[in-house]
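Below: the structure, in structure tokens.
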There are 2 protein chains.
Amino acid sequence: MTGQKQVTSSDVAKLAGVSRTTVSFVLNNAPNAQIPEETRQRVLMAAQQLGYYPNAAARSLASQHTNNIGVLLCQSADRLFADVFLMEVLSGIHQVIRPKGYHILVEAVEDVTAPDAYIGLVRSRHIDGLMVSGPRADDTQLPRIHAERFPVVLLGRLPNSDLCQVDVDNVRGARAAVEHLLALGHRRIAFISNGPLVYTASRDRLRGYVAALTTAGVPHDESLVRYGNFSRASGYAAMQSLLELPERPTAVFVASDVVAFGALAALRDAGVHVPDEMAVIGFDDVPLADQVTPPLTSLHLPARELGQTAAEILLKLIAGEAITNRLVSLDTRLVIRESTGKPGTLQSQPDMAASQDTR
Amino acid sequence: MTGQKQVTSSDVAKLAGVSRTTVSFVLNNAPNAQIPEETRQRVLMAAQQLGYYPNAAARSLASQHTNNIGVLLCQSADRLFADVFLMEVLSGIHQVIRPKGYHILVEAVEDVTAPDAYIGLVRSRHIDGLMVSGPRADDTQLPRIHAERFPVVLLGRLPNSDLCQVDVDNVRGARAAVEHLLALGHRRIAFISNGPLVYTASRDRLRGYVAALTTAGVPHDESLVRYGNFSRASGYAAMQSLLELPERPTAVFVASDVVAFGALAALRDAGVHVPDEMAVIGFDDVPLADQVTPPLTSLHLPARELGQTAAEILLKLIAGEAITNRLVSLDTRLVIRESTGKPGTLQSQPDMAASQDTR
DNA sequence: GCGAGTTAGTAACTCGTGTCACTCATACTA
DNA sequence: TAGTATGAGTGACACGAGTTACTAACTCGC
């Protein structure tokens with residue numbers, strides 16, 4: 001297609017006056033072969049001069065590895081948020097993987113349950129390892145691939161699986177959120193979930209909420225719990241419903257920033273002042289969480305770090321190393337803004353590794 | 001690494017009782033070879049039964065194409081926005097490319113000016129074509145790759161280049177924004193750029209602003225122009241400066257939503273009501289443009305369509321087809337929200353293909 | 001029954017690199 | 001001097017598929 005004749009290792013060998021084998025040894029720093037510095041330099045010069053780049057396909061064919069890792073995106077319901085989140089994750093993966101000479105093959109799949117959704121990627125030896133973002137329990141290919149001992153790391157939780165998994169510690173994050181509200185003096189704290197409880201993340205965030213209350217000796221009032229569905233609208237509705245309660249909560253933990261935006265809108269429309277009449281804390285710390293009125297206190301997801309650690313694990317798996325810790329949980333970071341009260345106005349009681357927003 | 005023995009076409013041939021050549025012919029639907037249906041079925045069954053997937057490397061080596069296309073991200077200054085935007089673009093590319101059997105190799109590069117930044121991807125025949133997002137004029141590899149007649153499509157503008165380019169029509173978009181304000185009756189309209197004028201996009205948006213005013217016979221007042229730098233803070237400062245003018249504008253076109261968020265904050269802090277005392281219109285229509293107070297009227301960037309058209313062009317280039325239109329401009333779409341006034345309250349004068357926000 | 005034309009299928013070469021096993025000097029040892 | 005290391009480098013095969021040029025068998029017309 002390009003019309004350009006490819007420079008091969010034979011050309012380099014010819015120019016350097018050595019055999020092709022020697023060229024290969026020099027360029028790959030073969031540990032066994034002894035090559036005198038003088039020859040080495042001659043080969044390197046020749047390669048440089050000709051602008052030689054080894055053919056990737058030939059190299060893969062011979063060496064049995066591609067230096068590609070696959071990133072499979074099974075986009076979940078919260079698209080909007082997933083977008084920006086995933087780009088950060090990708091960036092983290094890239095950061096770790098590039099210095100080792102790997103490339104990223106991105107694959108999005110609409111229907112993971114299709115029998116041929118992505119197994120071809122693995123079987124055709126397109127990639128050396130696979131990263132699955134948003135794994136699903138009804139994915140039948142994952143077990144098969146795992147059974148073939150193909151390196152796989154999941155970004156997200158998949159219960160009852162012994163695959164390597166990297167995820168955010170949703171329970172601890174939710175706990176931290178509620179503890180922050182408790183530390184500010186709130187006792188009547190409501191909860192709006194990010195999504196339905198079929199999602200592990202939603203379940204875990206609810207669990208963290210309950211746990212924090214229990215630990216603090218605050219009774220868990222079921223009537224203060226509402227469910228969102230990842231959308232702004234669901235947050236609006238949930239908050240409206242909470243406002244109709246005979247005894248209003250003084251604070252609400254919304255397990256998703258986007259849903260929290262809806263809640264904020266509902267509060268504004270109802271003329272309820274945030275944070276004086278109602279403190280609001282979100283989750284995810286989406287990029288524009290500090291742009292709304294009032295700027296939203298939230299829990300920052302370590303997206304880049306998720307990508308990095310997952311990539312490190314995957315590289316180990318590819319190298320055949322043993323993984324000691326198959327379930328990694330990364331901590332969220334509490335970012336305090338104005339929606340929970342101006343810092344310092346109330347009792348400021350540093351409960352966790354909380355950081356002021358410095359964007 | 002995986003320990004699993006790969007199924008080869010020889011295995012399939014053996015099982016089907018034919019030669020390897022026949023297997024290849026059947027599986028690739030070779031147009032020349034005549035294969036009776038009965039044999040065809042036998043081969044297909046055998047392949048199916050063994051779970052045969054052709055080895056990608058071997059296939060690439062023999063056929064001289066990889067079925068991979070590279071997407072190079074040269075992240076620009078407006079990172080925050082780029083993230084979500086790029087994911088949309090990727091999605092569009094994927095949509096077009098996947099059905100044709102192509103995969104996406106994502107590569108981010110921090111320093112494009114490095115002599116070896118990404119040319120290896122091309123030279124090593126890792127990919128069949130390249131898409132460059134955010135191309136830069138000081139990129140020295142691009143001309144070299146182009147000279148080798150390697151298929152390349154740019155996402156963005158690169159003046160003085162005969163490479164294929166797909167971009168948003170920033171001039172027309174800006175024009176539409178200002179025309180909307182004019183149609184609402186505004187005459188004193190300020191401008192805040194998204195970034196410094198070294199960026200083509202910034203220059204074009206300014207040009208569109210001036211063009212719209214000129215066409216409408218409104219004199220262009222230089223004192224109403226301010227420059228942002230992609231950040232919220234720059235928008236805040238720019239708007240403050242505009243508010244200090246002896247004769248305030250009644251509307252402002254901010255050539256970036258993020259910068260516009262800053263402007264909105266400045267207006268709120270100054271107690272200026274939007275849109276009654278000051279109409280504000282943004283550009284980009286970032287996902288949370290409808291989440292701020294008041295929801296921001298903006299121009300929607302067709303991110304997915306950008307990816308799609310770029311992908312279509314790249315596929316044509318790879319196939320060796322001639323490209324008639326090397327400079328494609330996609331139109332933005334005016335999304336009217338509350339920051340320019342409730343629709344219908346003033347004279348509603350449909351100026352362009354404006355659509356109500358239906359998110 | 002014979003050449004021409006078609007059908008069905010294959011042997012053998014190619015793609016470019018990695019790597020094992022082996023050679024040929026030269027240097028060192030006893 | 002014979003024998004053995006060691007250093008420097010190569011020949012040849014493997015990797016798995018695409019593809020060209022060819023053959024063998026079979027059909028048809030006369």
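Residue numbering restarts at 1 for every chain, and letters A, B, ... go by the order of the sequence lines. The figures here come from the full heavy-atom set of this structure, side chains too, leaving out hydrogens, waters and symmetry mates.
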Which heavy atom of [X] sits nearest a heavy atom of [Y], and at what distance?
X        : Y        : value
A:Thr66  : A:Arg125 : CG2-O, 3.0 Å
B:Ala16  : B:Arg42  : O-NE, 2.9 Å
B:Leu306 : B:Phe85  : CD1-CZ, 3.6 Å
A:Gln165 : A:Gly156 : CB-O, 3.7 Å
A:Arg326 : A:Asp162 : NE-O, 3.0 Å
B:Val12  : B:Ala47  : CG1-N, 3.8 Å

Touch class at under 4.0 angstrom, heavy-atom based, for B:Thr21 against every strand present: base

To the nearest angstrom, how far is [X] atom [atom1] from [N] atom [atom2]?
X        : N      : atom1 : atom2 : result
B:Arg20  : C:dT14 : CZ    : C1'   : 11 Å
B:His126 : C:dG16 : NE2   : C1'   : 14 Å
B:Gln34  : C:dT6  : CD    : P     : 11 Å
A:Asp11  : C:dG16 : CG    : C1'   : 11 Å

- prompt: Which of residues 22-31 of chain A sit near DNA chain C, with a heavy atom under 4.0 Å from it?
  reply: A:Ser24, A:Phe25, A:Asn28

statement: Expected list for residues 43-61 of chain B near DNA chain C, using heavy atoms below 4.0 Å, is B:Leu61

Return all side-chain donor-acceptor pairs below 3.5 angstrom for residues 312-325 of chain B, not counting sequence neighbours, or 'none' if the list is empty.
{"from": "B:Asn325", "atom 1": "OD1", "to": "B:Leu327", "atom 2": "N", "distance (Å)": "3.4"}

- prompt: Tell me the ring pair (Phe, Tyr, Trp, His ring centres under 6.0 Å) pairs involving residues 25-58 of chain A, sequence neighbours left out?
  reply: none

message: When the axes are fitted on five pairs at both termini, how much does the helix from C:dG1-D:dC30 to C:dA30-D:dT1 curve, in 10° steps?
response: 50°

message: Using a 4.0 Å cut-off to any heavy atom of chain A, which nucleotides of DNA chain D are the first and last in contact, reading 5' to 3'?
response: D:dG7 to D:dG16

- line: Which of A:Ile69, A:Leu154, A:Leu72 passes side chain to side chain contact (heavy atoms under 4.5 Å, CB included) with A:Leu130? Answer is A:Leu72

query: Between A:Ala62 and A:Ile35, which has a closest nucleotide on DNA chain D that is more 5'?
result: A:Ile35

message: Assess, by modelled atom type and distance only, whether the side chains of B:Ser91 and B:Arg304 contain a donor and an acceptor separated by less than 3.5 Å.
response: yes

message: Check the phosphate of C:dT10 against B:Ser19, side-chain N and O only, distance under 4.0 Å to OP1 or OP2. Yes or no?
response: yes

- request: Select from B:Thr39 and B:Ser63 the residue whose nearest nucleotide in DNA chain C is closer to the 5' end of that strand.
  value: B:Thr39

Point-to-point distance, once rounded to the nearest 0.5 Å, from CG of B:Asp116 to CD of B:Gln141: 7.0 Å

query: Quick one: does A:Asp11's side chain have a donor or acceptor within less than 3.5 Å of a partner on A:Thr8's backbone?
result: yes

- request: Before accepting this row, confirm whether a basic side-chain N of the pair B:Arg144/B:Glu148 lies closer than 4.0 Å to the acidic partner's carboxylate O.
  value: no

